[in-house]
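Beneath this line is the structure, given in structure tokens, with notes to follow.
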Amino acid sequence: MDVIDKKSRAKSGLSIAKGRSAKKLAQQVISKAQTSGSPSGVFDTLIIGSGFAGLGCAIKLKESGIENFIILERKEEVGGTWRDNQYPGAACDIPSNLYSFSFAQNPEWSRSYSGSKEILAYVHQMVEAFNLAAFIRFKQTVNEARWNEAAGHWEISCEEGGVYKARTVVMAGGPLSNAKLPNIKGIERFEGKKIHSAQWDHSYDMAGKRVAVVGTGASAVQIIPELVKTVGKLKVFQRTPGWVMPRPDFATPGWHKAVFRRLPFAQTAVREALFWLHESMATAVIWNSPLTKLGQRLSLAFLNAQVKDPWMRRQLKPDFNLGCKRVLVSNDYYPALQKPNCELITWPIATISEKGLRTADGVEHLVDCIVFATGFDVPKNSSPFKVTGRDGRDLGQEWAKGAKAYKSINVSGYPNLFITFGPNSGPGHNSALVFMEPQIDYVVRGVRKILTEGLKMLDVKPLAQESYNADIQKRLAKTNWNSGCKSWYLTEDGFNATMYPGFATQYASQMSTFEAKDYVTEPLRVR
């Protein structure tokens, strides 16, 4: 698999060895990282997380001439969500040519929608292609970031005992980092096997077992068709049905890869076409429009074509606007539910017992294993770890009623701190990476401003942050996400701290300008 085109490879002066396994690359990354050191006691930049966002920031920092940085990673391998989500059937629901960086295009994707293993291999090869291994510290779990007002730098403490200092910090952990078990009574009492989709235990043999899947979201619709092939009995517990669309997934022919290898502009053109196709979907997904109704009719036609039983069709028909919850993409989810060894259960789960799950109708469902496809603890009203800013202010406390930031990147009172995929930067219709790239460029612009102008502090003004968020919430009120359904986009009281209410082009436009007037600055005084 060749990550970057010839032009990019020549520019970086690096080549990629084909056929190298992700595991081998991971071992090389670890050994190189352990032998590297900091040029000084204080890093220019510290990046938390080595997923797409963290590595993308590192690539662009190097490209801008900044190399006194470090990446802290809590696990033993890069990859973020694609390292963690290796459950059966795990794949991306965005086309591969769009779910990859524009500056590191891969002509070797095996399918139009790649699986998680292939995406993880792509991440590993970016590390090698852009020579990032020496910048990464593994097994470094950040538990606090504290702003040192006198010194003008951040102090980052890790559970393992390490303490790092940096003038700027990039929180690149991502919103889908921490697996979340549901709050179901008795969950700790179950005596069988419990597996979360993001913490899959591949050593557990599902063959012939009685298995329950709790949840029918984006992960579940990929897991269920795989489990039904091997388990003895599969019970799927659905709380709310989702809108399901077909996925045009095809194997990539050899000639196709050859064209992309020899003519990189052809792949760029395909990527551009895919971008605009998904961009057009915003008019159906984000706002309630005639195209929303058209999308719902197409989804219902797909349901009717794949599910013959009228009662099951009724159970699987959503009662909310398309887009209010995440749109699901699968060709084999509905057929899997109709297999003889699969049962769809729509009664609410009342409690979990020692031997299974009891539903509100009084039935106890005995199972050997429960798979929780219940998503992540998205930081909508908390921070992923303790963050202490100016005058001892606590980010978790400030976000208790809903996370807020300026352009999703900066939070007032926390100078020199940048967040990728921060509040209200989530896409509902397009690739996460087309939102991520302008964020990365903005972060690099901010870091460069601090370093080149010798600033001790770059802090967004409270009024600028308040004005930005007032506009965001006003726009969100008119979207499908805020139309009444319950989703992980919203806090318990209905505050939307997750999604961006507009096109990807609008988001990129707002990130293209660094408004210096919206920030307070203070020069660094050298003693």
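Judged by distance alone, with hydrogens and angles left aside, the side-chain atoms of Q296 form a donor-acceptor pair with the main-chain N or O of L322 at under 3.5 Å. Side-chain atoms of N85 come within 3.5 Å of backbone atoms of T81 as a donor-acceptor pair (strictly under, hydrogens ignored). Counting only distance, with no hydrogens or angles, the side chain of D459 and the backbone of T521 share no donor-acceptor pair below 3.5 Å. Counting only distance, with no hydrogens or angles, the side chain of E279 and the backbone of A504 share a donor-acceptor pair below 3.5 Å. R326 contributes no side-chain N or O that, together with a main-chain N or O of Y489, makes up a donor-acceptor pair within less than 3.5 Å. A distance-only check finds no donor-acceptor pair linking the side chain of S96 to the backbone of W109 [under 3.5 Å]. With hydrogens and angles disregarded, a donor-acceptor distance shorter than 3.5 Å links the side chain of R271 to the backbone of S100. Listed for the N496 side chain is a donor-acceptor partner under 3.5 Å among the backbone atoms of T498. With Q267 contributing its side chain and N97 its backbone, the two residues share no donor-acceptor pair below 3.5 Å. Side-chain atoms of S299 do not come within 3.5 Å of backbone N or O of M245 as any donor-acceptor pair.
A distance below 6.0 Å separates the ring centres of Y99 and F52. You'll find the ring centres of F418 and Y442 outside the 6.0 Å limit.
Rounding to the nearest 0.5 Å gives a distance of 9.0 Å between CZ of R475 and CD1 of I286. The distance from the CG atom of L46 to the CG atom of N68 is 10.5 Å, given to the nearest 0.5 Å. Considering OH of Y414 and CE of M457, their distance stands at 14.0 Å, rounded to 0.5 Å. Taking CG from L490 and SG from C485, the interatomic distance works out to 7.0 Å, rounded to the nearest 0.5 Å. Between the OG atom of S330 and the CD atom of Q222 there is a distance of 7.5 Å, given to the nearest 0.5 Å. A distance of 10.0 Å separates CZ of R83 from CD of Q86, quoted to the nearest 0.5 Å.
Annotation: D391, atom CG; neighbour count of heavy atoms from other residues, nucleotides and ligands within 6.0 Å does not exceed 12. The neighbour count for K165 NZ, taken as heavy atoms of other residues, nucleotides or ligands under 6.0 Å away, does not exceed 12. Within a 6.0 Å sphere centred on NZ of K486, other residues, nucleotides and ligands contribute 12 heavy atoms or fewer.
Relative orientation of the F503 and W287 rings is tilted, given thresholds of 30° and 60° on the angle between their planes. Note on ring orientation: taking the six-membered ring where Trp is involved, the planes of F101 and F103 are parallel (angle under 30°, cut-offs 30° and 60°).
Using modelled atom types, one finds a donor on one side chain and an acceptor on the other under 3.5 Å when comparing D249 with S112. Side-chain contact annotation: Y507 with Q439, donor-acceptor N/O pair under 3.5 Å present. Between the side chains of Y519 and N410, at least one donor N or O lies within less than 3.5 Å of an accepting N or O. For the residue pair Y406 and E515, no side-chain donor N or O sits within less than 3.5 Å of a side-chain acceptor on the partner.
Between T45 and A166 the shortest heavy-atom distance is C-CB, 4.2 Å. The minimum heavy-atom distance linking L61 with S64 is given by the pair O-OG, 2.8 Å. For the pair V329 and P246, the tightest heavy-atom approach, listed with the atom from each and the gap, is CG1-O, 3.8 Å. The two residues A284 and L291 come nearest to each other via the heavy atoms CB-O, 3.6 Å. Across Y113 and P95, no two heavy atoms sit closer than the pair CE2-N, 3.6 Å. In plain terms, the two heavy atoms of A266 and V259 that are nearest each other are CB-CG1, 4.0 Å.
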Open item on the list: With side-chain contact (heavy atoms from CB on, under 4.5 Å) as the criterion, how do L476 and T479 come out once you've worked through the C-alpha distance, each side chain's angles and the decisive distance to 0.1 Å?
Closed with: CA-CA 5 Å; L476 279 167; T479 65; 4.2 Å; yes
Open item on the list: Run the side-chain contact (heavy atoms from CB on, under 4.5 Å) test on E108 and Q125 for me, step by step, so that the C-alpha distance in whole Å, both residues' side-chain angles and the decisive distance to 0.1 Å come before the verdict.
Closed with: CA-CA 12 Å; E108 304 293 337; Q125 290 182 330; over 6 Å; no
Open item on the list: side-chain contact (heavy atoms from CB on, under 4.5 Å) for W154 and F43? Distances and angles first, verdict last.
Closed with: CA-CA 10 Å; W154 284 92; F43 291 95; over 6 Å; no
- [ ] Start with the C-alpha distance between S157 and N143, add both sets of side-chain angles, then the distance that settles side-chain contact (heavy atoms from CB on, under 4.5 Å), and finish with yes or no.
- [x] CA-CA 6 Å; S157 305; N143 58 15; 3.5 Å; yes
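Using a cutoff of 4.0 Å between basic side-chain nitrogens and carboxylate oxygens, K75 and E77 are not scored as salt-bridged. The pair E522-K456 meets the salt-bridge criterion, since a charged nitrogen lies less than 4.0 angstrom from a carboxylate oxygen. A salt bridge does not link D441 to R445: none of the charged side-chain nitrogens sits closer than 4.0 Å to a carboxylate oxygen. By the 4.0 Å N-to-carboxylate-O rule, R247 lies too far from D93 to be salt-bridged with it. Ion pairing between a basic and an acidic side chain is recognised when a charged N comes within 4.0 Å of a carboxylate O; E437 and K60 show no such pairing.
A heavy-atom distance below 4.5 Å is not found between the side chains of V443 and T168. Using a 4.5 Å heavy-atom threshold, the side chains of I59 and I440 count as separate. Using a 4.5 Å heavy-atom cutoff, the side chains of K478 and P501 are not in contact. S487 places a side-chain heavy atom less than 4.5 Å from the side chain of K325. Counting heavy atoms from C-beta on, the side chains of F435 and M511 never come closer than 4.5 Å. No side-chain heavy atom of C158 sits under 4.5 Å from any side-chain heavy atom of F385. Annotation: side chain of S408 is not in contact with side chain of Y500 (no heavy-atom distance under 4.5 Å). L55 is not listed as a side-chain neighbour of F130, based on a closest heavy-atom distance of 4.5 Å or more.
A side chain to side chain contact (heavy atoms under 4.5 Å, CB included) with S114 is found for exactly one of I119, N106, I94, namely I119.
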